[in-house]
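Here the structure is laid out as structure tokens; the discussion comes afterwards.
Just so it is clear: chains get the letters A, B, ... in the order the sequence lines come, proteins before strands, and each one is counted from 1.
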2 protein chains.
Amino acid sequence: MAVTMREVAQQAGVSVATVSRVLNASGPVGEETRQRILETAGRLRYVPNGTARNLTTSTTETVGVLLPDLYGDFYSEVIRGVEGAVRAARYHTLLASVHDGPGELVRGLRTLVGRVDGLVVMSPDIEADVLRANLPASLPVVVLGGEVAGHGSVDIDDAAGAAAMTRHLAGLGHRRIALVSGPAPNADARARRDGHRQALAEAGLAPDPALELAGDFTEASGYAATAAFLALSPRPTALFAANDAMAIGALRGLREAGLDVPGDVALAGFDDVPVARFVTPALTTVHVPIDEMGARAVASVLGAVRDPDSVPSALTLPTRLVVRESCGARS
Amino acid sequence: MAVTMREVAQQAGVSVATVSRVLNASGPVGEETRQRILETAGRLRYVPNGTARNLTTSTTETVGVLLPDLYGDFYSEVIRGVEGAVRAARYHTLLASVHDGPGELVRGLRTLVGRVDGLVVMSPDIEADVLRANLPASLPVVVLGGEVAGHGSVDIDDAAGAAAMTRHLAGLGHRRIALVSGPAPNADARARRDGHRQALAEAGLAPDPALELAGDFTEASGYAATAAFLALSPRPTALFAANDAMAIGALRGLREAGLDVPGDVALAGFDDVPVARFVTPALTTVHVPIDEMGARAVASVLGAVRDPDSVPSALTLPTRLVVRESCGARS
DNA sequence: AGACCCGATGTAATCGGTTACAGTCAGTGT
DNA sequence: ACACTGACTGTAACCGATTACATCGGGTCT
């Protein structure tokens with residue numbers, strides 16, 4: 001249907017090889033011929049077919065990104081980081097997203113194979129076997145937020161970030177610090193909880209299971225957790241939500257209960273999503289360099305693309321404590 | 001490098017055609033042979049090459065998205081809308097972003113050609129010729145936020161939205177309403193300004209050029225505009241920023257000048273970005289269904305993919321006034 | 001003058017699949 | 001016994017590019 005190189009060649013009275021040479025400046029061509037071909041291509045509105053080019057050159061100049069779901073600031077941010085790095089390398093981005101279910105992951109992987117030179121995969125629970133079975137061994141893969149044997153990975157130091165926050169709260173004098181944790185199966189949620197516990201121990205505060213409230217990373221669950229929080233006796237003076245969404249939900253819950261933040265309760269989150277600085281009081285949180293994760297993952301993938309023998313690296317990015325108003329440190 | 005179908009065929013002692021038939025269930029194959037091929041493919045970790053399949057079937061099941069830049073809530077939101085719709089149709093998304101410069105746009109377009117079945121293009125100023133010259137005539141294209149002859153488009157009704165807001169402010173009793181407008185060349189910015197002017201006229205208020213402050217859609221320019229705003233005499237009682245980013249900048253500026261919002265000045269924005277509901281006071285704004293734009297654009301593209309003879313449609317989505325606290329309507 | 005080099009161009013193989021067409025073979029109806 | 005049918009499988013063309021190799025002609029060097 002679309003115009004092909006063959007048609008251009010015929011119209012210009014030359015062979016396809018010559019046309020190709022002109023278009024890619026890949027060989028000597030007489031100036032007159034060159035002009036004629038260019039003119040013909042323009043007239044016929046010829047645009048080379050990317051797929052065909054990919055096939056012959058067996059390179060796509062594309063990095064595939066597989067994400068579990070596209071909703072939430074988190075994934076937008078990842079995409080931004082990835083796209084920036086990809087574009088800087090003059091590559092392209094092929095995006096695929098999958099929701100729950102093992103079949104979905106496989107489907108997502110397979111649609112990417114052959115169409116990308118490397119892959120950035122982010123999925124709450126990826127197993128090495130699934131990757132192995134559905135990807136050619138030669139395809140560089142970097143896993144985001146988790147480690148998988150044999151592949152590169154970029155992760156954040158959840159435990160250290162959570163520990164820093166808990167240490168900060170303890171340093172402000174809080175002795176009863178409640179935690180709204182994330183969904184149990186989630187690796188990030190577990191690491192944050194562990195970091196929190198460890199910091200408590202270091203501060204000489206006995207971790208108390210009663211102070212660990214259940215949450216699932218949604219704003220609604222943060223709001224719901226305030227009920228449990230208020231039922232605690234004596235009431236903790238600080239509430240640490242394992243992510244910002246839950247912290248914002250909790251903020252609403254606390255406010256509705258007539259409590260002042262940070263006056264009555266110090267509140268902290270985790271992630272530093274964009275809205276964190278805009279809520280009132282501005283949320284003290286742990287900054288997670290999400291876009292940088294994406295960028296690093298891309299760098300790692302492209303490194304492997306260029307040098308297939310390079311050893312996949314496992315990177316752990318540090319987080320940063322962001323003290324704003326909700327914890328009362330500056331009020 | 002990767003395992004090909006040919007190798008699987010050899011190992012299984014059959015022809016490539018049979019392998020293809022098994023993998024796609026596209027023809028009768030003996031049960032015993034079938035199992036043998038499946039086993040062999042699994043053992044060799046064969047995964048079909050997407051590019052090659054695309055080439056022969058001349059269909060990619062992919063929708064390309066061309067965006068001007070990936071920063072800002074706006075584009076994230078577009079991507080979300082697009083991805084959701086694309087996934088629902090069991091298609092894939094190929095993302096390309098371009099920054100300024102005509103060469104960039106052309107580059108972006110060309111990387112997509114042949115690799116997608118349809119295209120959603122969003123760029124502040126696209127010209128019909130550029131699209132025509134760099135895309136095969138047969139490729140369905142839908143333009144986002146602007147109209148281009150011969151292509152489908154999805155746009156929002158900027159003028160009506162701005163008019164609604166200005167009408168709302170006038171209805172609250174404001175007689176001097178300042179506008180921080182967007183960059184002059186931007187079509188959205190112009191439409192919003194025009195809607196504003198028209199609503200003023202309808203309300204019997206003479207549009208006053210002195211009340212139109214320059215901005216460029218950035219938060220910084222909104223902040224900067226407050227200086228000009230404060231210099232107006234008599235000071236207007238309402239400030240309408242042509243987008244939320246500028247409104248938030250202005251909010252900061254007004255607060256620093258010791259003015260209360262909405263007590264001293266009613267403030268309104270446009271876009272309803274996610275943070276709009278979280279700033280204090282919550283921002284009154286015009287909701288723009290960004291993700292829906294993306295979804296509609298995809299629907300339009302896929303419609304054209306399925307029926308190449310369908311007439312491209314020009315869709316204009318309505319906006320919705322969102323009254324929160326910053327305009328004083330509810331205080 | 002003959003060997004040689006180089007620029008300009010064409011021929012054809014190739015990438016990894018899909019698929020139209022053709023062939024084989026066993027079973028069936030007459 | 002013969003033509004026919006249909007399930008099963010293979011051969012080879014094709015998708016639209018890239019590119020190794022071959023060809024050809026004129027200019028240069030000795």
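Within the 4.0 Å cut-off from OP1 or OP2 of D:dT11, not a single side-chain nitrogen or oxygen of B:S15 is found. For D:dT18, the OP1/OP2 oxygens have a side-chain nitrogen or oxygen of A:S20 closer than 4.0 Å. Contact check, A:T56 against D:dA17: no side-chain N or O comes under 4.0 Å of OP1 or OP2. Look at A:S58 and you won't find any side-chain N or O under 4.0 angstrom from OP1 or OP2 of C:dC15.
The residues B:E31 and B:R34 are annotated as salt-bridged, a charged nitrogen and a carboxylate oxygen being separated by less than 4.0 angstrom. Ion pairing between a basic and an acidic side chain is recognised when a charged N comes within 4.0 Å of a carboxylate O; A:E39 and A:R43 show such pairing.
Counting any heavy atom pair closer than 4.0 Å across all strands shown, A:N24 reaches sugar-phosphate atoms only and no base atom. Note on A:P28: a base of the nucleic acid sits closer than 4.0 angstrom, heavy atoms only. Nucleic acid contact for B:G50: none, since no nucleic acid atom lies under 4.0 Å from a heavy atom of the residue. Note on A:T33: only backbone sugar-phosphate atoms sit closer than 4.0 angstrom, heavy atoms only; bases stay farther off.
Between A:D155 and A:G146, the shortest heavy-atom distance links the atoms OD2-N, 3.5 Å.
We find that CG of A:N49 is positioned 15 Å from C1' of C:dG16, with the value rounded to whole Å. Distance, A:R53 CZ to D:dC15 C1': 16 Å, rounded to whole Å. B:N54 has its CG atom 14 Å from the C1' atom of D:dA17, to the nearest Å. Rounded to a whole Å, the CG atom of B:L55 is 9 Å from the C1' atom of D:dC14. Across the protein-nucleic acid pair, A:E32 atom CD and C:dG7 atom P stand 19 Å apart, rounded to whole Å. Atom CZ of B:R115 and atom C1' of D:dG16 are 14 Å apart (whole Å). Atom pair B:L23:CG and C:dT19:P shows a separation of 13 Å (rounding to whole Å applied). Atom OH in A:Y46 sits about 10 Å away from atom P in D:dG16, given to the nearest Å.
Comparing C:dG17, C:dT9, C:dT18 against the side chain of B:V16 picks out C:dT18 as the nearest.
Within 6.0 Å of CD on A:E147 lie no more than 12 heavy atoms contributed by other residues, nucleotides or ligands.
Each of A:T51, A:T62, A:T60 was compared with B:R115 under the side-chain hydrogen bond (donor to acceptor under 3.5 Å, both in side chains) criterion, and only A:T62 meets it.
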